[in-house]
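One structure below.
Start at 1 and go down the list; that is how both ligands and their atoms are numbered. These numbers were taken from a predicted model, which means no experiment stands behind them. For reference, positions follow the sequence shown, starting with 1.
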Amino acid sequence: MANPSGVILDIAKFAKVAHANGVPLIIDNTFPTPVLCRPFEFGCDIVTHATTKYMDGHSTQVGGVVVDSGNFDWTKHADKFPGLVEPDPSYHGLSYTKAFGKQAFIVKATAHLMRDYGSIPSPFNAFLVNIGLESLHVRIRRHAESALKIAKWLKTQKKVAWVNFAGLPDSPYHKLLKKQFHGNSPCGVMTFGIKGGRKASIKFMDSLKLIGIVTHVADAWSCVLHPASHTHRQLSDAQLKAAGIPPDLIRLSVGLEDPEDLIADIEQALKKV
Ligand SMILES: Cc1ncc(COP(=O)(O)O)c(C=O)c1O
């Protein structure tokens with residue numbers, strides 16, 4: 001589920017380790033969305049999403065959601081969660097686990113933390129997310145299918161050094177995709193490298209006509225991000241490598257355009273490298 005590397009977590013394995021240590025497993029499921037992956041089915045306890053991405057789908061608002069499976073038993077590990085188990089002086093001595101059982105976490109999150117931090121969407125933002133959710137099941141499949149098509153095409157290109165996308169059958173994460181995802185593609189986001197490193201990547205990005213250079217991701221419009229010249233441009237090649245970011249890494253977020261148009265854009269930009 002990682003952004004941007006294309007890594008897919010073995011949810012059941014991590015859930016087992018988390019539970020053996022008395023902690024819930026929390027997964028950021030922003031990229032697959034619940035349409036393509038439902039982490040609760042594999043033992044995850046809490047799921048988070050940036051609604052800013054596919055859920056909205058059109059970059060109209062910023063927000064997030066927390067979804068609690070209600071499966072984690074907080075009282076079994078009471079010493080680790082005093083904020084949920086012990087009386088809360090800011091709520092008349094209420095113990096969330098006593099009053100709400102397995103819903104203790106999500107009630108505290110909404111009743112207490114939202115109250116104190118004000119982390120609630122404005123009604124208009126909620127309205128925008130709601131509109132996005134109505135078409136999510138159609139859009140995310142299109143994003144994922146187009147991305148798979150483009151990833152396969154990129155693999156055939158001489159100027160492309162590598163492609164990291166779990167939808168590709170030779171990805172080390174393809175088996176986990178098959179096990180945990182609905183469909184054969186994880187989402188619309190992939191990474192790839194251009195031969196020639198940082199300089200070649202910059203030339204490639206500057207040559208794109210349809211695909212935008214944008215920090216945002218998982219949007220209706222296709223966009224690219226090159227950390228070495230963009231979000232992480234202060235770092236040297238050695239520092240980038242130490243952070244696990246190859247200097248040639250380009251993140252491509254495949255939008256809802258015709259994938260053939262996107263391939264044509266990438267093809268003409270590759271010719272200029
Ligand atoms: C996978 C993932 N989760 C969460 C976030 C956080 O999104 P926001 O800043 O809109 O809350 C991002 C942002 O890029 C993301 O890519």
Side-chain angles (χ1 to χ4, degrees), residues 1-11 14 24-40 42 44-68 106 109-110 113-114 117-133 136 139-140 143-144 147 151 164-167 171 173 176-177 180-182 185-192 205 211-233 235 240 243-245 249-256:
M1 326 287 168
N3 174 11
S5 66
V7 173
I8 289 182
L9 192 78
D10 186 335
I11 304 172
F14 275 75
L25 177 65
I26 304 176
I27 289 186
D28 181 337
N29 198 34
T30 298
F31 279 5
T33 81
V35 178
L36 299 184
C37 181
R38 293 173 202 133
F40 293 159
F42 303 93
C44 164
D45 302 288
I46 294 165
V47 165
T48 63
H49 296 273
T51 58
T52 319
K53 313 294 183 320
Y54 290 123
M55 284 198 171
D56 162 338
H58 304 84
S59 317
T60 55
Q61 54 77 57
V62 174
V65 288
V66 177
V67 188
D68 185 2
I106 204 65
T110 48
L113 301 177
M114 274 170 57
Y117 297 125
S119 48
I120 51 168
S122 75
F124 189 65
N125 280 14
F127 165 77
L128 293 170
V129 175
N130 206 36
I131 290 181
L133 287 175
L136 177 65
R139 290 185 288 102
I140 188 65
H143 284 292
N164 187 355
F165 187 62
S171 158
Y173 299 99
L176 283 171
L177 174 89
Q180 300 173 157
F181 280 56
H182 299 259
S185 178
C187 61
V189 184
M190 72 186 77
T191 52
F192 64 95
M205 305 243 311
I211 303 171
I213 301 176
V214 180
T215 314
H216 189 48
V217 70
D219 181 33
W221 291 52
S222 291
C223 49
V224 280
L225 163 72
H226 177 227
S229 66
H230 193 159
T231 48
H232 298 65
R233 68 184 175 281
L235 304 185
L240 282 171
I245 307 168
L249 182 150
I250 291 172
R251 181 182 75 183
L252 169 64
S253 174
V254 176
L256 297 176

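In the vicinity of A50, heavy-atom distances shorter than 4.0 Å reach the ligand 1 atoms 4 (C), 5 (C), 6 (C), 7 (O). Counting atoms of ligand 1 from 1 in the listed order, those under 4.0 Å from a heavy atom of T52 are 8 (P), 10 (O).
Under a cut-off of 6.0 angstrom, the local environment of CZ in F14 is sparse, with at most 12 non-hydrogen atoms contributed by other residues, nucleotides or ligands.
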Quiz prompt | From CA spacing to verdict: side-chain contact (heavy atoms from CB on, under 4.5 Å), T231, R233 | solution = CA-CA 6 Å; T231 48; R233 68 184 175 281; over 6 Å; no
Practice problem: Assess whether side-chain contact (heavy atoms from CB on, under 4.5 Å) is satisfied between S171 and F165, documenting all intermediate values. | Solution: CA-CA 7 Å; S171 158; F165 187 62; over 6 Å; no
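Taking 4.0 Å as the cut-off, K53 counts as a neighbour of ligand 1 on heavy-atom distance.
At the top of the distance list for atom 2 (C) of ligand 1, counting protein heavy atoms only, stands D28 OD2, 3.4 Å. Counting only heavy atoms of the protein, atom 16 (O) of ligand 1 lies nearest to N3 ND2, 2.6 Å.
Between the side chains of T51 and D56, no donor-acceptor pair is found at a separation under 3.5 Å.
Using a 4.5 Å heavy-atom cutoff, the side chains of T48 and I27 are not in contact.
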